[in-house]
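As structure tokens, the structure follows; a few thoughts come after it.
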Amino acid sequence: DTAVSQTPKYLVTQMGNDKSIKCEQNLGHDTMYWYKQDSKKFLKIMFSYNNKELIINETVPNRFSPKSPDKAHLNLHINSLELGDSAVYFCASRGQASGRNTGELFFGEGSRLTVL
Amino acid sequence: GDSVTQMEGPVTLSEEAFLTINCTYTATGYPSLFWYVQYPGEGLQLLLKATKADDKGSNKGFEATYRKETTSFHLEKGSVQVSDSAVYFCALRPGGGSQGNLIFGKGTKLSVKP
């Protein structure tokens, strides 16, 4: 069983379109994230979502909107896609840490978005 | 603010060579430190971690020691294999607490040639 799964794995679309990426985790974790990885492999956190509280990174354009129908899902919707949105988007989840458990992040395999 | 700096790649080595990827950090308090690895076409996965000064994390032949005096967490492996080719990310969780978000370095790409 895949712990954190994202769909689609590849997405090619035209500028101006609206698209969504879905993420599901079966680990029972409380916290989920979206990260953007650019062509140089730099990882940037976009959002974190913990028990119905959404924490938005202020540098993310408001064309990006996360939606969490329940604790196991955090989807990413992108409006009016731009060329600069081309990247790999990673979903991740993290459980409640306790004791020496530092709350390891579990990542999905990524969704490669190409905007033409 | 808290940050992680790791050596720029790409790093290209021959099989069985010794590997060091440098990582230094800036943080207040006592962060937890991590190395994540990203194999081609995959997501990141935890390689090793250390939660306090002088702790040594180890996994799959890789090691890193939490050095508070030099604010470093360098990744080492005595003999790399072609299968170790990947991008390696150093990361910290601020304050040593368990609830903060991870801060990642920019990643170092390692290529191992047969």
Side-chain angles (χ1 to χ4, degrees), chain A residues 2-7 9-10 21 23-25 27 29-51 53-60 87-112, chain B residues 1-11 21 27 29-52 55 57 59 64 66 73 85-111:
Chain A
T2 303
V4 181
S5 58
Q6 316 178 206
T7 55
K9 191 168 184 178
Y10 299 97
I21 306 172
C23 178
E24 175 182 5
Q25 54 96 0
L27 299 167
H29 288 167
D30 292 333
T31 306
M32 296 183 71
Y33 302 84
W34 278 107
Y35 284 85
K36 179 180 180 181
Q37 186 176 48
D38 63 23
S39 59
K40 295 183 179 179
K41 303 295 185 182
F42 182 55
L43 270 173
K44 178 181 174 181
I45 188 169
M46 301 176 70
F47 305 101
S48 65
Y49 200 94
N50 186 324
N51 279 332
E53 181 184 2
L54 178 65
I55 301 169
I56 297 174
N57 185 324
E58 294 179 358
T59 65
V60 177
V88 182
Y89 293 85
F90 285 98
C91 178
S93 73
R94 178 168 67 88
Q96 188 73 15
S98 61
R100 288 183 63 81
N101 176 10
T102 52
E104 172 188 349
L105 277 182
F106 289 82
F107 283 82
E109 292 189 340
S111 297
R112 180 177 292 278
Chain B
D2 296 351
S3 65
V4 175
T5 303
Q6 57 182 109
M7 63 187 286
E8 290 192 22
V11 174
I21 300 178
Y30 301 95
S32 294
L33 301 173
F34 306 81
W35 277 100
Y36 278 78
V37 58
Q38 183 181 24
Y39 298 105
E42 298 183 12
L44 280 73
Q45 54 186 279
L46 181 67
L47 180 60
L48 54 84
K49 64 185 180 185
T51 58
K52 64 182 190 300
D55 266 3
N59 185 24
Y66 189 144
F73 193 55
S85 298
V87 181
Y88 293 81
F89 293 88
C90 187
L92 71 82
R93 173 160 291 128
S98 55
Q99 306 311 319
N101 293 327
L102 281 185
I103 297 170
F104 285 92
K106 292 188 175 181
T108 302
K109 183 176 181 179
L110 170 66
S111 296

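The structure presented is a predicted model; accordingly, all values stated were derived computationally and were not measured. Residue numbering restarts at 1 for every chain, and letters A, B, ... go by the order of the sequence lines.
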[Y] and [X], any side-chain heavy atoms less than 4.5 Å apart:
X: B/Tyr39; Y: B/Gln45; answer: yes
X: B/Leu44; Y: A/Leu43; answer: yes
X: A/Lys9; Y: A/Glu109; answer: yes
X: A/Phe90; Y: B/Gln38; answer: yes

Tell me, for [X] versus chain B, whether the close heavy atoms (under 4.5 Å) come from the side chain, the backbone, both or neither.
X: A/Gln6; result: neither
X: A/Tyr35; result: side chain
X: A/Leu105; result: both

